Amino acid sequence: MTTVGAAALLTPAVAAAAATADGPTFVYDLAQLDAHAGVIRSALPTGTQLLYAVKANPDPRLLAVLDRHVDGWEIASRGELAHLRRHVPDRPAYFAGPGKTDAELTAALTAGVTLHVESARELRRIAALAGPDSGPRAGASRAAVLLRVNLPVPTDLPAVLAMGGRPSPFGMDPAEADICGRALAAGALPGIEFRGIHAHLASGLDADDCAGLADLTLHWAVAFGRRHRLPIAEIDVGGGMAVDYRRPADRFDWAGYGERLGRGIRAAGTDAVIRIEPGRSVTAYSGWYATRVVDLKRSHGRWFALVAGGTHHLRTPVAKGHDQPFVVLGNRSVLGNRSGADRPTASGPVTVVGQLCTPKDILASEVPVERIGVGDVVVFALAGAYGFTISHHDFLMHPRPAVRYVG
Ligand SMILES: Cc1ncc(COP(=O)(O)O)c(C=O)c1O
């Protein structure tokens, strides 16, 4: 039962913050994040760089904690770049993402950000913008780039989100990367400082599959360098480490991944700097979304618990198609005596929904609970990644959630 897994993770500090919250609130556990990031860092082979994919959660307090553990930041917009410069300015940023505009590219070049190039056309545009003889940065130093590649991946890969190995807007096919390789080797792009290869092929992978994709990328990058006689100084093998929303207490096997990645690096025979760029698996466990049951109703034989807030704050379960694991804090010791006889309660399978006027506003569907009642606090686990920032906040113009920090 999902609620059992989530309950095991709930610390007294998070429970207290959730129980006393006034309205829908994200509670972030900074101590948990600090410890977890330390575990990730120490599992990686010596010299491997750790980037955090800021899109997973750009909360400044989380970034400040992660700043103690990461080597840099993976970003996908000018907004993220400005945000980093404001809150954690000291570490390098690496800018991926399809469809970068000239304004974004220029801002990145001006800030000295390394670009993960998504197409041959984008590479030519960067070369033109970077100079050395033309464009807004004429005379400035060259643009540092990694080519982002969309490599063929095993067809049976159980990835939850695939960005590569199939037709996609992300990265370039190997043949297009070869066109770039030939142009770079021929010195046809003087504004470009070629640094290496980047691939982020899928998300939601276990340690074995993730290390398998890293192997694939490492070998491909080394062969690309040999084929074009280009030095490969950096290889970024991407993020995508799984978070299992059905088993909230489970964790990606960082030790196993680190061990396999180390073997893969040795087997590829590369002395390039190797990077990973996880997002979800870094911050998911540090965030909780707390709210209260406003109404409880039985509709055509099924129980619905209607909570304040909803998927305009936490779109994760809709985006990923899962039931967000949760804990019901109906306990008197936490909430005081709320279990009066007039308080409607339900038990058994309950669907927890938000306040939006759409049948898609479902946080968890038909999940068995011991008891849930009007006024109970419901705390959703694993809400620290792709939670508030991927949600459609303004739909119906409800208030935004509060944020609290513990630890
Ligand atoms: C280029 C890139 N790198 C890293 C990530 C992080 O992926 P995850 O959160 O699955 O680790 C993403 C997510 O979409 C991405 O697009």
Side-chain angles (χ1 to χ4, degrees), residues 33 36-37 40 43-44 49-59 62-63 66 69-77 79-81 84 92-100 104 108 113-119 122 145-151 153 157-166 168-172 196-207 209-211 213-214 217 234-245 251-254 257 261 274-287 315-316 319-322 382-390:
L33 180 63
H36 182 57
I40 296 173
L44 297 179
Q49 294 192 346
L50 172 63
L51 308 185
Y52 169 62
V54 172
K55 59 177 78 69
N57 192 332
D59 181 283
L62 302 195
L63 294 182
L66 292 174
H69 300 279
V70 301
D71 297 286
W73 313 102
E74 192 274 334
I75 59 170
S77 78
E80 287 185 343
L81 175 59
L84 287 180
Y94 300 81
F95 191 162
K100 300 182 196 76
E104 285 171 323
V113 165
T114 299
L115 293 160
H116 292 165
V117 183
E118 303 270 349
S119 71
E122 186 173 276
V145 308
L146 279 71
L147 301 184
R148 179 175 182 179
V149 289
N150 177 353
L151 302 177
V153 300
L157 200 70
V160 178
L161 279 177
M163 286 82 173
R166 61 180 69 178
S168 99
F170 306 108
M172 41 187 121
I197 296 296
H198 168 258
H200 172 72
L201 295 168
S203 284
L205 301 165
D206 70 15
D209 288 332
C210 213
L213 285 189
T217 305
E234 301 169 24
I235 306 173
D236 185 328
V237 298
M241 294 73 181
V243 167
D244 191 339
Y245 291 87
R251 291 289 176 277
F252 182 82
D253 175 12
W254 282 104
Y257 174 75
L261 181 62
I274 309 301
R275 265 182 217 122
I276 66 167
E277 50 181 34
R280 188 183 303 275
S281 56
V282 179
T283 46
Y285 309 100
S286 310
R315 196 170 72 92
T316 324
K320 298 268 295 162
H322 62 239
L382 275 49
Y386 304 106
F388 180 63
T389 44
I390 62 149

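The structure displayed is predicted, hence computed values, not measured ones. Each ligand, and each atom within it, is numbered from 1 in the order the structure gives.
- In terms of polar-atom proximity, defined here as any N/O pair under 3.5 Å, Ala96 makes no such contact with ligand 1.
- Shown in contact with Tyr386 at under 4.0 Å from a heavy atom are these atoms of ligand 1, numbered in order with element: 6 (C), 7 (O), 8 (P), 9 (O), 13 (C).
- Using a 4.0 Å cut-off between heavy atoms, His116 makes no contact with ligand 1 at all.
- Note: no N/O pair closer than 3.5 Å links Ser281 and ligand 1 by distance alone.
- Every residue was checked against the salt bridge (charged side-chain N to carboxylate O under 4.0 Å, His left out) condition with Asp253, not counting sequence neighbours, and none meets it.
- Within the structure, ligand 1 has Pro278 among the residues with a heavy atom less than 4.0 angstrom away.
- Remark: the His198 side chain and the Glu234 side chain contain no N/O donor-acceptor pair separated by less than 3.5 Å.
- Here the CG-CG distance, from Leu51 to Leu66, works out to 12.0 Å after rounding to the nearest 0.5 Å.
- The atoms of ligand 1 that sit less than 4.0 Å from any heavy atom of Ala53 are 4 (C), 5 (C), 6 (C).
- Residue contacts with ligand 1 for Arg280 involve both N, CA, C or O and side-chain atoms from C-beta outward (heavy atoms, distance under 4.0 Å).
- Here the OH-OG1 distance, from Tyr245 to Thr316, works out to 5.5 Å after rounding to the nearest 0.5 Å.
- With contacts defined as side-chain heavy-atom distances shorter than 4.5 Å, the pair Arg275/Tyr94 qualifies.
- In the model, Tyr386 has no side-chain atom that pairs as donor or acceptor with a side-chain atom of Thr283 under 3.5 Å.
- Of all the heavy atoms of Phe170, none lies under 4.0 Å from any atom of ligand 1, so neither backbone nor side chain is involved.
- Counting heavy atoms under 4.0 Å from ligand 1, residue Ala56 does not touch it at all.
- Residues Phe95 and Glu104 form a side-chain contact, since some pair of their non-hydrogen atoms from C-beta on lies under 4.5 Å apart.
- Which parts of ligand 1 touch Ser203 is read off a 4.0 Å heavy-atom cut-off, strictly below it: atoms 7 (O), 8 (P), 10 (O).
- With respect to the salt-bridge test (charged N to carboxylate O, under 4.0 angstrom), the residues Lys55 and Glu80 do not qualify.
- Atoms of ligand 1 lying under 4.0 Å from any heavy atom of Gly279, numbered from 1 in the order shown and given with element: 6 (C), 8 (P), 9 (O), 11 (O).
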